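Here the structure is a predicted model, which means the values were calculated and not measured. Below, all heavy atoms of this structure are taken into account, side chains as well, without hydrogens, waters or symmetry copies.
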Amino acid sequence: MRAVVSRAATPGAHHTASCIAGLSASSGWSSLQACRWRVASGKNRNELIRKRAAEQHIDYLRQMTPPRPNRQVQHDPKWRTRSEDLRTVFGHPEITKQPSAEERLLPAQRMAMVSYDGELGKVDLETFGDIAVEHGDIFKAEVDAVILPMTPNLMPYRGIGLEAFDRGGKRLVERTFEEALMYESLEPGDTIAVEAIGMAAKNILFVVMPWFWQGSPIDAAKRFRYCVQRALLRAGAPQNPTQPFKGGFESVALPHIGCGVYGYEPRSSSGALLEEGIEALLQIEAQVPSYTIKHLTFIDSRRETAETLNASLIQVAHRWLPEKRLTSAAQYWSHATRRLIVLPSVPNFFRKRFAVKFKRYHGVKRNARIHYQSNVKPWLWRAHKVRQPPPLLVYKESGEVAPREQQLRGGPHYFPGGS
């Protein structure tokens with residue numbers, strides 16, 4: 001029996017030996033792998049099947065490190081080689097020429113000189129006054145009072161409030177703190193009026209401004225509008241002999257008091273600033289109107305902020321002034337060319353004695369779908385697929401075409417899906 005068992009077990013080993021001998025001749029890994037599949041049987045064969053299934057599974061392939069893509073190196077187009085720089089040095093000596101000693105030593109006044117564009121826009125409200133926007137320096141404005149922002153603790157660490165304290169020095173700081181003793185605690189909207197020092201204006205109104213991030217953006221916009229309203233109300237308040245501060249300034253200048261450290265963007269807050277400026281001149285919502293302010297000027301040193309204020313001024317003027325209001329050309333000409341229709345004095349003059357009768361044909365639709373596609377749909381104007389172009393805007397009083405900046409933006413003529 002032992003001999004029989006040994007002979008029965010030897011064919012597999014003999015077959016493996018023959019496979020290895022054949023492998024030496026072919027020297028291929030595929031041959032050895034095929035040999036393993038032929039020799040394996042039973043439990044080993046099941047393990048190999050599971051291993052093959054795992055290696056060929058998509059998750060196994062995803063875990064493997066993918067091959068690096070053959071990407072081409074992209075260099076910066078602005079980067080210049082040394083040879084190009086060398087050609088520039090020898091070919092254009094004026095570019096690399098150093099300034100002379102006299103040009104290097106520029107005077108301090110010339111280095112600090114900044115150019116401004118001056119007045120960008122102005123709206124005349126006739127008897128109420130005028131409101132203007134300028135690109136310039138607020139500290140050089142020759143007005144009765146300037147409105148400047150201030151932090152609640154009266155210790156600004158940067159911004160236009162700190163610059164005002166630097167120009168005014170110790171005396172301005174002391175006067176500001178003395179006037180602040182009138183309040184138990186400074187809240188957003190409180191205004192401190194002091195005599196100006198170190199600037200062209202006669203008085204300064206420090207208004208306590210809130211931070212933009214205190215609450216939601218809607219609450220921040222309401223607080224900003226409230227502070228501007230309180231500051232302009234204090235500037236235009238009638239004179240009170242019992243108090244040391246005498247209000248009633250005729251000319252007032254202010255920058256965008258929400259920019260800088262307070263976090264208000266000019267694009268979103270300039271509209272509220274100009275609207276409150278118009279209200280300060282017109283006194284529409286005031287119970288006891290005081291038309292003291294006659295000249296209101298918004299001055300900012302940043303060109304972008306000044307242009308944003310000017311754009312907001314134009315929008316506010318088109319909304320409030322009758323001669324600046326806009327309407328569509330169709331509405332204007334329909335109103336301008338309207339005619340009065342004269343009707344006869346006799347009642348029921350146009351009534352017919354006998355009603356018009358039509359012949360009645362057989363109106364039963366055999367197939368509603370076929371009837372719609374054949375007889376109705378070809379004659380339909382698909383209004384829900386067509387987008388009307390924006391109307392031409394004209395001035396409501398004169399009918400003149402509004403400037404291009406005030407026209408509505410164009411868009412596609414068709415909705416998605418239309419042809």
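- Ion pair K51/E47 not flagged as a salt bridge, since none of the NZ, NE, NH1 or NH2 atoms sits closer than 4.0 Å to an Asp/Glu carboxylate oxygen.
- Of the options L274, I284, L281, L125, a side-chain contact (heavy atoms from CB on, under 4.5 Å) to W320 is made by I284 and by none of the others.
- Distance check, rounded to the nearest 0.5 Å: CD of E304 to CG of L309 gives 11.5 Å.
- Here the side chains of Q406 and L326 are in contact, with some heavy-atom distance below 4.5 Å.
- The environment of CZ in R171 is sparse: at most 12 heavy-atom neighbours from other residues, nucleotides or ligands sit within 6.0 Å.
- Considering only heavy atoms from C-beta on, L148 comes within 4.5 Å of P255 through its side chain.
- For P156 against G161, the heavy-atom pair with the smallest separation is CG-C, 3.9 Å.
- The line from CD of E195 to CD1 of I204 is 9.5 Å long, rounded to the nearest 0.5 Å.
- The local environment of CD in E142 is sparse, with at most 12 non-hydrogen atoms from other residues, nucleotides or ligands closer than 6.0 Å.
- Expressed to the nearest 0.5 Å, how far CG of N310 lies from OG1 of T305 amounts to 12.5 Å.
- The backbone N or O of D144 lies less than 3.5 Å from a partner atom in the side chain of S251, making a donor-acceptor pair.
- Salt-bridge formation is detected for the pair R319/E275: a Lys NZ or Arg NE/NH1/NH2 atom is positioned less than 4.0 Å from an Asp or Glu carboxylate oxygen.
- Minimum interatomic distance between R230 and G189 (heavy atoms only, all atoms of both residues): CB-O, 3.4 Å.
- For Q229, the side-chain hydrogen bond (donor to acceptor under 3.5 Å, both in side chains) test picks out no residue, with sequence neighbours left out.
- Across every non-hydrogen atom of I257 and I147, the tightest pair is CG2-O, 3.9 Å.
- Ring planes of Y116 and H135: perpendicular class, angle over 60° (limits at 30 and 60°).
- The backbone N or O of V194 sits nowhere less than 3.5 Å from a side-chain atom of R175 that would complete a donor-acceptor pair.
- Considering only heavy atoms from C-beta on, L296 comes within 4.5 Å of L254 through its side chain.
- With a 6.0 Å radius and a threshold of 12 heavy atoms from other residues, nucleotides or ligands, E84 has its CD atom above the threshold.
- When side chains are defined from C-beta on, P152 does not count as touching P188, because their heavy atoms never get closer than 4.5 Å.
- In this structure, F212 and Y264 have perpendicular ring planes: the angle between them is above 60°, well past the 30° mark.
- Here the shortest heavy-atom pairing between A253 and I138 reads CB-CD1, 3.9 Å.
- Partner of F128 under the side-chain contact (heavy atoms from CB on, under 4.5 Å) criterion, chosen from I278, I293, L282: L282.
- Under a 3.5 Å cut-off, the side chain of E250 and the backbone N or O of T292 do not form any donor-acceptor pair.
- In this structure, CZ in F298 is found 9.5 Å from NE2 in H256, a value given to the nearest 0.5 Å.
- With sequence neighbours excluded, the residues satisfying side-chain contact (heavy atoms from CB on, under 4.5 Å) with T327 are Q331, Y332, V394, K396.
- Rounded to the nearest 0.5 angstrom, I192 CD1 and L181 CG are separated by 9.0 Å.
- Two residues are said to be in side-chain contact when any heavy atoms from C-beta on lie closer than 4.5 Å; M155 and F165 fail this criterion.
- Remark: E276 engages R225 in a salt bridge, criterion side-chain N to carboxylate O under 4.0 Å.
- A306 and V133 get closest at one heavy-atom pair: O-CG1, 3.5 Å.
- Looking at F224 and M209, their side chains come closer than 4.5 Å, going by heavy atoms from C-beta outward.
- A cation-pi contact, defined as under 6.0 Å to the ring centre and within 45° of the axis, is absent between R325 and Y395.
- Side chains of F249 and N203 form a contact here, defined as non-hydrogen atoms less than 4.5 Å apart.
- Shortest non-hydrogen contact noted between V261 and W213 is O-CH2, 3.4 Å.
- A distance of 9.0 Å separates SG in C259 from CD in E265, rounded to the nearest 0.5 Å.
- Considering only heavy atoms from C-beta on, R223 comes within 4.5 Å of P210 through its side chain.
- K294 NZ: more than 12 foreign heavy atoms inside a 6.0 Å radius.
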